[in-house]
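Written below as structure tokens is the structure these notes are about.
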Amino acid sequence: MLELGEVIVNCADVSVFYGDTRAINNISIDIEKQSITAFIGPSGCGKSTFLRTINRMNDTIDSCRIEGRVKVDGEDIYAPSVDVVPLRAKVGMVFQKPNPFPKSIYENVAYGPKIHGLSNNKNHLDEIVEKALTRAGLWAEVKDRLHDSGTGLSGGQQQRLCIARTIAVEPQIILMDEPCSALDPIATSKIEALMSELSAEYTIIIVTHSMQQAARVSKRTAFFHLGDLIEYDSTDTIFTNPKEQKTEDYITGRFG
Amino acid sequence: MLVGQFPSDLEIEGRQTVLILLAQIKNISNGIVVGQPDIWILESAEKLTSWQGISNVIISSLAAAISFLGGLYGVSLIKPEFRARNSVEVLLLAGLAVCSVIAIITTIGIVFSVIFESIRFFKLIPPLEFLSGTVWNPEFEGAARAGSGQEGRAAYGSIPLFAGTFLISIIALSVSVPVGLLAAIYLSEYATRRVRGTVKPLLEILAGVPTVVYGFFAALTIAPFFRETGVLLGLDVASESALAAGFVMGIMIIPFVSSLSDDVINSVPQSLRDAALGLGSTKSETIKKVVLPAALPGIVASIILAVSRAVGETMIVVMAAGLAANLTANPLDAVTTVTAQIVTILVGDQEFESAKTLSAFALALTLIVITLVLNFFALQIVKKYREQYE
């Protein structure tokens with residue numbers, strides 16, 4: 001069985017329903033701290049839905065209902081006493097389509113620190129913005145036009161801006177929902193390099209359609225199919241020596 | 001031709017008689033016989049009838065021939081190389097262009113007619129007096145002509161009217177913009193689908209109520225209520241007050257603001273809300289800092305629409321704010337607006353040459369200019385924000 005280091009996310013018997021439809025079936029999984037875990041599987045297998053349960057983004061969908069237990073840092077995030085606002089600050093999210101706010105680049109990054117009161121003076125805020133942009137590998141490209149609109153950047157730059165915006169809040173976990181599916185190969189490779197760097201400090205969970213991407217960046221890989229977690233192991237094992245027939249069929253391109 | 005058939009002994013006394021005879025003949029041929037006409041007239045009528053029959057046949061056969069030839073031409077055009085879609089689209093394009101030009105030409109026509117009449121007015125009354133005078137009192141025109149002295153002189157200072165318009169619009173906007181905007185935020189962000197599905201159509205029905213109905217609501221319900229409340233508080237409220245008219249006008253405009261703003265807020269992409277929520281914003285932070293700024297151009301546009309409704313509204317003012325052209329900033333006084341004055345000037349018997357009637361055109365012209373300037377600046381604002389937020 002899979003050997004994990006320190007666990008940060010612990011899910012037990014998690015099921016997710018949209019109305020009467022069951023999207024996730026009794027999934028139990030542990031995610032290792034400060035590493036990259038990839039969720040792969042064919043479209044509609046529930047991997048994005050499952051990702052969104054980890055920071056309760058599914059709460060925004062009215063018909064969505066969750067059973068089971070999800071613990072982040074030892075705390076049950078679906079307990080009635082939990083406030084989702086600090087949870088989402090701790091578990092950041094990068095979406096499939098780059099979605100910068102229609103504000104300046106600076107304002108985009110400063111948004112999170114401002115609402116969470118992470119900074120009380122302009123200089124400190126400037127520092128946070130510069131640091132986040134630098135870590136997202138965007139500083140050199142935008143430092144002369146921080147006050148231009150964030151929506152004027154290229155797709156890849158926008159996605160890195162979204163990552164900068166997320167890490168400016170200093171989360172522990174970053175959830176990435178197919179962050180490269182709208183990007184070209186060059187932008188994709190930049191983001192992948194960025195993920196590898198960030199994994200030294202952050203726990204990254206990435207949903208991806210690209211098996212090559214999962215193989216390149218992740219340490220662990222979980223394979224989902226029709227709402228079930230089929231196999232979860234180190235990325236090497238999944239791609240070279242899968243135990244389940246379904247996993248092998250999928251990674252060798254026989255279905256999905 | 002018929003005239004050639006007239007009996008030679010008939011004395012023709014000028015064109016008029018001929019026309020009368022012709023009319024008589026036409027009537028008879030249509031079956032209308034009055035009295036006992038002369039025999040020759042009956043004969044002519046019969047001839048006319050037969051001629052009309054012939055001409056009908058000719059016209060129909062001509063039409064048939066033209067359509068047949070046209071059809072032949074059309075059929076001859078149909079070849080594999082013929083690109084029918086292109087010609088059809090050219091025709092459609094022309095049709096669409098004509099439609100759009102009609103509206104523009106009509107507007108230009110209206111503006112010019114107003115300008116010409118205004119020029120006539122400004123020949124009688126100097127523009128400076130019209131634009132800077134603080135007394136509006138066109139009623140003493142007759143007395144002034146009779147030479148009954150300075151007191152009876154009509155005054156055409158338009159400032160009280162524009163001040164009244166401004167005052168009532170401000171009151172209306174201060175009611176409708178906050179209420180409408182907050183309603184829109186509730187509807188688009190907080191309301192469940194069922195509530196939204198019920199409330200929004202209801203609000204839109206409110207927009208369809210004729211303004212006359214709002215007018216008597218203002219005059220018979222709101223104005224007395226304000227006056228009595230004023231009495232209780234020891235304030236002197238006129239029975240026809242700017243406050244009552246502005247308040248009801250504000251109520252009338254709420255649906256415009258809320259319905260349009262709701263559409264705009266709804267069209268802000270869900271991905272922006274997700275982004276904000278994903279960063280740990282609360283719902284209200286998301287709305288205040290992300291959704292509303294992104295929707296701002298549309299919201300400003302809906303407020304502009306509200307302003308133009310308020311400035312152009314006439315009925316409520318006529319019924320509830322009175323016709324006294326007071327120059328005052330006190331919302332409890334009776335005031336009047338430009339549009340209400342135009343109505344009172346042009347309703348009823350008027351001498352078209354008098355300065356009083358012509359003043360309506362000058363008022364209209366000034367109103368047009370002011371609304372144009374307002375719209376221009378509003379568009380600039382929208383443009384500026386759009387650049388910033390896209």
Side-chain angles (χ1 to χ4, degrees), chain A residues 51-52 54-63 83-104 107-118 147-152 158-159 161-171 174-177 182, chain B residues 184-200 261-302 380-390:
Chain A
L51 189 75
R52 289 164 67 99
I54 300 173
N55 70 345
R56 292 188 54 173
M57 277 305 280
N58 282 332
D59 289 12
T60 58
I61 301 163
D62 286 338
S63 62
D83 182 2
V84 293
V85 168
L87 170 73
R88 288 185 187 143
K90 193 157 107 180
V91 187
M93 186 151 197
V94 176
F95 296 84
Q96 181 169 0
K97 247 181 76 189
N99 54 356
F101 298 130
K103 302 172 188 285
S104 71
E107 285 296 322
N108 261 285
V109 182
Y111 177 87
K114 272 187 188 167
I115 60 167
H116 293 299
L118 296 185
H147 296 282
D148 289 1
S149 174
T151 49
Q158 285 189 18
Q159 194 63 299
L161 177 61
C162 293
I163 294 173
R165 183 176 67 184
T166 305
I167 57 186
V169 190
E170 296 291 343
I174 303 175
L175 307 177
M176 297 190 174
D177 190 357
Chain B
I185 292 171
Y186 169 72
L187 281 180
S188 56
E189 298 290 329
Y190 290 98
T192 61
R193 193 172 296 178
R194 248 183 62 206
V195 172
R196 186 181 142 83
T198 325
V199 173
K200 207 179 171 207
S261 305
D262 172 64
D263 287 341
V264 173
I265 293 172
N266 252 322
S267 66
V268 172
Q270 182 63 32
S271 68
L272 288 184
R273 293 190 184 87
D274 283 349
L277 291 173
L279 285 168
S281 322
T282 62
K283 190 150 190 169
S284 85
E285 282 167 344
T286 307
I287 294 168
K288 278 185 297 197
K289 304 210 167 128
V290 176
V291 178
L292 286 185
L296 200 62
I299 291 172
V300 172
S302 77
Q380 293 301 311
I381 293 170
V382 171
K383 216 168 155 188
K384 190 180 150 227
Y385 278 113
R386 191 162 285 161
E387 276 161 10
Q388 196 174 337
Y389 284 106
E390 260 173 21

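Numbers restart at 1 for each chain; the letters A, B, ... are given by sequence-line order, proteins then strands.
- How far CZ of B/R273 is from CG of A/N99: 12.5 Å, rounded to the nearest 0.5 Å.
- What you find for A/M57 and B/D274 is that their closest heavy atoms are CE-O, 3.5 Å.
- Nearest heavy-atom pair, A/Y111 versus B/K289, reported as atom, atom and distance to 0.1 Å: CE1-CB, 3.5 Å.
- Between B/L279 and A/H116, the shortest heavy-atom contact is O-NE2, 2.8 Å.
- The nearest pair of heavy atoms linking B/A275 to A/F101 is CB-CE2, 3.9 Å.
- Closest heavy-atom contact between A/P100 and B/L272: O-CD2, 3.3 Å.
- When heavy atoms are compared at a cutoff of 4.5 Å, A/R56 does not approach chain B at all.
- Within 6.0 Å of atom CG in A/D62, 12 or fewer heavy atoms from other residues, nucleotides or ligands are found, so the atom counts as exposed in its surroundings.
- Judged as a side-chain hydrogen bond (donor to acceptor under 3.5 Å, both in side chains), and not counting sequence neighbours, B/N266 has no contacts.
- Within the structure, salt bridge (Lys or Arg N to Asp or Glu O under 4.0 Å) pairs that include any residue of residues 88-100 of chain A comprise A/D73-A/K90 (at least two apart or interchain).
- The distance from atom OG1 of B/T286 to atom CD1 of A/I115, rounded to the nearest 0.5 Å, is 7.0 Å.
- A/V94 does not touch chain B: none of its heavy atoms, backbone or side chain, sits under 4.5 Å away.
- When every heavy atom of A/V85 is checked against every heavy atom of B/G280, the shortest pair comes out as CG1-O, 3.0 Å.
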